[in-house]
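Below, chain A is the first sequence line, B the second, and so on; all start at residue 1.
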Number of protein chains: 2
Amino acid sequence: MLIAEVSEKFELSQDTLRYYERIGLIPRVNRKTSGIRDYTEEDCRWVEFIKCMRGVGLPVETLIDYVRLFQQGEETLETRKELLVEQHKELLTRMADMQEVLERLEGKIDRYDQLIGAARHITGFSPVNFAESKGK
Amino acid sequence: MLIAEVSEKFELSQDTLRYYERIGLIPRVNRKTSGIRDYTEEDCRWVEFIKCMRGVGLPVETLIDYVRLFQQGEETLETRKELLVEQHKELLTRMADMQEVLERLEGKIDRYDQLIGAARHITGFSPVNFAESKGK
DNA sequence: ACTTGACTTGGAGTTAACTCCAGAGAGTAA
DNA sequence: TTACTCTCTGGAGTTAACTCCAAGTCAAGT
């Protein structure tokens, strides 16, 4: 697979794909004789995995570590697992924070609804006469 | 309240507090005659709110918009609410993505556990003789 | 009066993660 | 052969969000 297709398929720019490879965020992709990248199925799986992990904010650094460990072979199984466990934990924490904010926003939105209701009552505003009341 | 206390209380650097104010991420804080910031209770509530929202990644730009709308008064109630609703939606989406990654990580961790179990069986590795087997 | 320490401003520097670009080479089409 | 398109590399530029710094002010302590 050429870089253009991979770029299309995973919605990552060609520059980003080359960048990811350059910094070791995905393993080196083989080249044809002409020097052009030829992505294998496995390369694609790496791209997909990295895109997915980056998408929820796992740091590039950490993922580079993971790829490096992977390339070092079986002796790093334990370390790799620990890395994933750590990231799992981080994600849980972040989701808990987000859950709280979510609820806080819901509370705020409810209060806005009340305020807007009250304002509508006082000013005579309603979605129906919104257009006319605008210029007043 | 002086900036040092606010910084302490919310675990934001003084530089960050001044930066937030400069870009309009929190409303302008009043100064004493000598020009030194004197945070009110309300200023503190803004700091806390902004810290909380930034903590889960709401963009600075969006929050600046919110503060600006707030300062424009009651006519922006509807817009402010919509802004919050939008951010709420974004958060939900992000949390759904994170939930998927969370599960994917769990799957991967399980598979690592199996691999490690298998490796232990073959190599005789176990937590108990880990220290000795290290140098081998 | 002088020193000390906390604070001020405006502006420059940093970090993470891309994103863009110039110059060059290979492969195909007319 | 010339033109065109895709790709390559190394390096410079960008963006968001801080973070640091220099030079100066002010109030309190000695």
Rounded distance (Å) that lies between atom [atom2] of [N] and atom [atom1] of [X]:
| X | N | atom1 | atom2 | answer |
| --- | --- | --- | --- | --- |
| A:L17 | D:dC6 | CG | P | 17 Å |
| B:K32 | C:dT8 | NZ | P | 10 Å |
| B:L12 | D:dC20 | CG | P | 14 Å |
| B:Y19 | D:dC20 | OH | C1' | 14 Å |
| A:K51 | C:dC18 | NZ | P | 11 Å |
| A:E8 | D:dT7 | CD | P | 11 Å |
| B:M53 | D:dA17 | CE | P | 16 Å |
| A:N30 | D:dT7 | CG | C1' | 16 Å |

Distance-only, no hydrogens or angles: does the B:R54 side chain make a donor-acceptor pair with backbone N or O of B:C52 under 3.5 Å?
no

Can a donor-acceptor pair be found, under 3.5 Å and without considering hydrogens, that links the side chain of B:D38 to the backbone of B:M1?
yes

OP1 or OP2 of [N] less than 4.0 angstrom from a side-chain nitrogen or oxygen of [X], does that happen here?
| X | N | answer |
| --- | --- | --- |
| A:T16 | C:dT19 | yes |
| A:Y20 | C:dA17 | no |
| B:R37 | C:dC7 | no |
| B:R54 | D:dC18 | yes |
| A:R31 | C:dG25 | no |
| A:R22 | D:dT9 | no |

So A:I3, base contact, sugar-phosphate only, or nothing? Heavy-atom distance under 4.0 Å.
sugar-phosphate

Regarding B:D43 and B:T40, is there a side-chain donor-to-acceptor distance under 3.5 Å anywhere?
yes

Hydrophobic clustering (ILVMFWY, side-chain heavy atoms < 4.5 Å, transitive) - are A:W46 and A:L2 grouped together?
no

Joint hydrophobic cluster, A:V6 plus A:I36, side-chain heavy atoms closer than 4.5 Å
no

Nucleotide by nucleotide, 5' to 3', does protein get under 4.0 Å of the base (B), only the sugar-phosphate (S), or neither (-) in nucleotides 21-30 of chain D, counting heavy atoms?
B----SS---

May I ask you to check if A:K9 and A:Y39 form a cation-pi contact, with NZ or CZ under 6.0 angstrom from the six-membered ring centre and within 45° of the axis?
no

Kindly point out which of C:dC18, D:dT19, D:dT7 is positioned nearest to the side chain of A:L2?
D:dT7

Parallel, tilted or perpendicular, as decided by the 30° and 60° cut-offs, for the rings of A:F49 and A:Y66:
tilted

